[in-house]
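Counting begins at 1 with the first residue of the sequence.
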Amino acid sequence: MAKAGTIRGLQVFISDIRACQNKEQETRRVDKELAKIRGKFGDEKKTLTAYDRKKYIWKLLYIYMLGYDVEFGHKQACDLIPAQKYSEKQVGYMACSLLINEKDEFLRLAINGIHNDLISRNEAFQSLALTFVANIAGQEMAEALTPDVLKLLTSGTARPVVRKKAALCLLRLMRKTPADAQLVSADSFSPIMAQLLEERDLGLLLSCATLLLGICARSGSAGYEQCQFKLVRLLERLVALRDITPDYTYYGIASPWLQAKVLRTLQYFPPPEGTALQRQLHDVLQAICTTCGDTAKSSTINKSNAQHAILFEAISLILALDLNRDLLATGVTNMGRFLSVKEPNIRYLALENLTRLALVPEVLESIRSHQSTILANLKDPDVSIRRRALDLLFTMCDDGAAMEVVEELVGPLMAWQIPLWAKVIQWRDTLAA
């Protein structure tokens with residue numbers, strides 16, 4: 001509320017609220033102010049100045065932030081959006097984003113003002129409009145404003161700070177329309193997306209990768225095949241070439257958020273067809289498994305978390321694309337190392353990924369070499385870890401290992417919760433059949 005700092009009436013009201021000795025005094029002061037504002041808004045004989053309207057909307061926002069219901073003032077907030085002054089437009093957008101939901105009829109009053117801000121040459125106005133639409137837009141707004149947002153995203157004159165807002169805004173608009181009603185077709189948008197993935201600004205690249213991930217999760221990767229090569233090349237730029245600016249380096253890691261996002265997006269694509277692309281992706285994934293595999297040695301928890309996020313996404317990609325078995329073996333080695341770390345979340349993810357890896361016959365023996373560590377996780381106080389360990393044991397168990405596994409299960413079985421009892425008995429019957 002920095003822009004409201006010079007409004008004296010607002011400062012006085014906040015001081016009065018802070019001076020209240022108990023909740024009853026605060027409620028009486030808020031009710032008095034709400035009645036005053038309601039009277040001002042309902043007085044048709046006296047036209048409010050822009051300053052007064054802005055002041056009263058800021059007060060309503062403050063009251064809303066205190067936890068009170070604000071059931072009026074929505075129209076007056078919408079009226080501030082077309083204002084020419086930034087301070088008035090800002091409070092209008094802020095109030096509408098907090099007080100109005102996407103199905104409110106008052107939003108129709110704001111669509112034209114939002115459109116004018118999107119097509120204006122004022123970067124601040126464009127940013128306000130994009131941020132508002134990305135948080136509050138519904139289907140009607142999506143149909144009306146998508147062309148304006150697309151124009152900003154592909155603009156050669158707009159700065160990256162505006163274009164990355166446009167990318168996330170477009171993702172919101174897509175999600176708010178039915179799956180069968182495509183706002184943008186893959187045929188027309190795929191070349192645009194491929195070009196966006198060649199941008200130099202990493203902030204814009206992160207937003208574009210998020211947009212492509214949302215599209216693939218919603219409709220699949222069909223039509224966006226040309227983006228696969230761009231994603232692999234972007235990953236190579238981050239991992240192998242480290243072609244980034246220092247402000248996007250996190251504990252020595254090149255933009256870990258973008259790496260994880262690209263790895264997850266690639267999971268929606270089929271295996272690469274070209275030999276050169278396959279080799280390129282293999283080399284990058286091998287570098288990730290090698291570099292991030294020693295995270296247990298890191299003394300900084302934030303660095304370890306970032307490396308773990310990248311490594312787990314890389315292993316998921318290896319499984320999704322059914323890539324080289326050497327990569328799977330490296331993944332098993334890394335997951336086996338994580339089975340004995342103290343952090344329970346890491347052990348949980350390691351057990352989960354090993355369960356998926358155990359379905360690949362070529363690496364099953366490598367997983368069995370960690371059987372003693374997996375059995376030790378059956379005694380963990382966290383029931384979710386015990387359950388994951390049990391899932392993994394069931395997946396990797398065969399005639400040769402059955403006796404040892406059963407002997408280990410009999411000991412802690414009595415201490416387990418009933419749902420785990422039932423699951424073990426169900427698995428016993430399945431194996432017996």
Set of salt bridge (Lys or Arg N to Asp or Glu O under 4.0 Å) partners for K75, sequence neighbours left out = D79
Return yes if some donor-acceptor pair links the side-chain N/O of R388 with the main-chain N/O of L351 below 3.5 Å, else return no.
-> no
The residue among V332, V360, T355 that forms side-chain contact (heavy atoms from CB on, under 4.5 Å) with I367 is V332
Return each pair, listed once, that meets ring-ring contact (aromatic ring centres under 6.0 Å, His included) where at least one residue sits in residues 105-142; pairs must be two or more places apart or across chains.
-> Y93-F132
Locate the shortest heavy-atom distance separating L327 from I318; write the atom from each residue and the value.
-> CB-CD1, 3.7 Å
E198 with R233: basic N within carboxylate O range, under 4.0 Å = yes
Could I get the full list of side chain to side chain donor-acceptor pair (under 3.5 Å) partners for T154, not counting sequence neighbours?
-> none
Please name all residues satisfying salt bridge (Lys or Arg N to Asp or Glu O under 4.0 Å) with R242, sequence neighbours left out, ordered by chain then number.
-> none
R218 meets the side chain to side chain donor-acceptor pair (under 3.5 Å) criterion, sequence neighbours left out, with none
Is it true that the side chains of Y68 and E26 contain a donor and an acceptor less than 3.5 Å apart?
-> yes
With sequence neighbours left out, what residues match R172 under side chain to side chain donor-acceptor pair (under 3.5 Å)?
-> E102
Any donor and acceptor pair, going by atom type alone, linking the side chain of N334 with main-chain N or O of C289 inside 3.5 Å?
-> yes
Do F338 and L349 come within less than 4.5 Å of each other through their side chains, counting heavy atoms only?
-> no
Heavy-atom side-chain contact between C96 and I81 under 4.5 Å = yes
Residue set satisfying salt bridge (Lys or Arg N to Asp or Glu O under 4.0 Å) with D283, at least two apart, ordered chain then number -> R279
Side-chain heavy atoms of M396 within contact of L359, under 4.5 Å | no
Taking only residues two or more places apart in sequence, or in another chain, which ones meet E365 in a salt bridge (Lys or Arg N to Asp or Glu O under 4.0 Å)?
-> R368
Say whether, by atom type as modelled, one donor and one acceptor occur between the side chain of T177 and the main chain of M174 under 3.5 angstrom.
-> yes
Can you list the residues that meet the side-chain contact (heavy atoms from CB on, under 4.5 Å) rule with E143, with sequence neighbours excluded?
-> Q139
Is there a donor-acceptor contact under 3.5 Å from the side chain of T333 to the main chain of A329?
-> yes
Got a list of side-chain donor-acceptor pairs under 3.5 Å for residues 158-171, not counting sequence neighbours?
{"from": "R159", "atom 1": "NE", "to": "E123", "atom 2": "OE1", "distance (Å)": "2.8"}
{"from": "R159", "atom 1": "NE", "to": "E123", "atom 2": "OE2", "distance (Å)": "3.3"}
{"from": "R159", "atom 1": "NH2", "to": "E123", "atom 2": "OE2", "distance (Å)": "2.6"}
{"from": "R163", "atom 1": "NE", "to": "L153", "atom 2": "O", "distance (Å)": "3.0"}
{"from": "R163", "atom 1": "NH1", "to": "E199", "atom 2": "OE2", "distance (Å)": "3.3"}
{"from": "R163", "atom 1": "NH2", "to": "L153", "atom 2": "O", "distance (Å)": "3.3"}
{"from": "R163", "atom 1": "NH2", "to": "E199", "atom 2": "OE2", "distance (Å)": "3.2"}

Any side-chain heavy atom of N377 sitting closer than 4.5 Å to one from T373?
-> yes
Is there a donor-acceptor pair under 3.5 Å between the side chain of Q228 and the backbone N or O of P270?
-> yes
Checking salt bridge (charged side-chain N to carboxylate O under 4.0 Å, His left out) for the pair E88/R53: CA distance, chi angles, key distance, verdict?
-> CA-CA 9 Å; E88 297 171 13; R53 189 185 296 112; over 6 Å; no
Rounded distance (nearest 0.5 Å) linking atom CG of L321 with atom CG of L281 | 6.5 Å
Would you find a donor on one side and an acceptor on the other, under 3.5 Å apart, between the side chain of N135 and the backbone of T131?
-> yes
Is there a side-chain contact between L328 and L319 (heavy atoms, below 4.5 Å)?
-> yes
Are side-chain heavy atoms of L311 and M335 found at a separation under 4.5 Å?
-> yes
Ignoring hydrogens and geometry, is there a side-chain-to-backbone donor-acceptor pair from S190 to G223 under 3.5 Å?
-> yes
Can you sort out the partners of Q278 under side-chain contact (heavy atoms from CB on, under 4.5 Å), two or more places apart, ordered by chain and number?
-> P272
Y248: partners by side chain to side chain donor-acceptor pair (under 3.5 Å), with sequence neighbours left out | none
Would you confirm whether S155, through its side chain, and K151, through its main-chain N or O, come within 3.5 Å as a donor-acceptor pair?
-> no
Side chains of L390 and R386 in contact at under 4.5 Å (non-hydrogen atoms) | no
Salt bridge check: are R347 and D380 linked by an N-O gap of less than 4.0 Å?
-> yes
Tell me, do D148 and L145 make a side-chain contact under 4.5 Å, heavy atoms counted?
-> yes
Is there a donor-acceptor pair closer than 3.5 Å between any side-chain N or O of S255 and the backbone N or O of W257?
-> no
Point-to-point distance, once rounded to the nearest 0.5 Å, from SG of C208 to CG of L258 = 10.0 Å
Going from OG on S97 to CG on L61, what distance comes out if it is rounded to the nearest 0.5 angstrom?
-> 8.0 Å
Donor-acceptor pair, side chain of Q226 and main chain of A194, under 3.5 angstrom | no
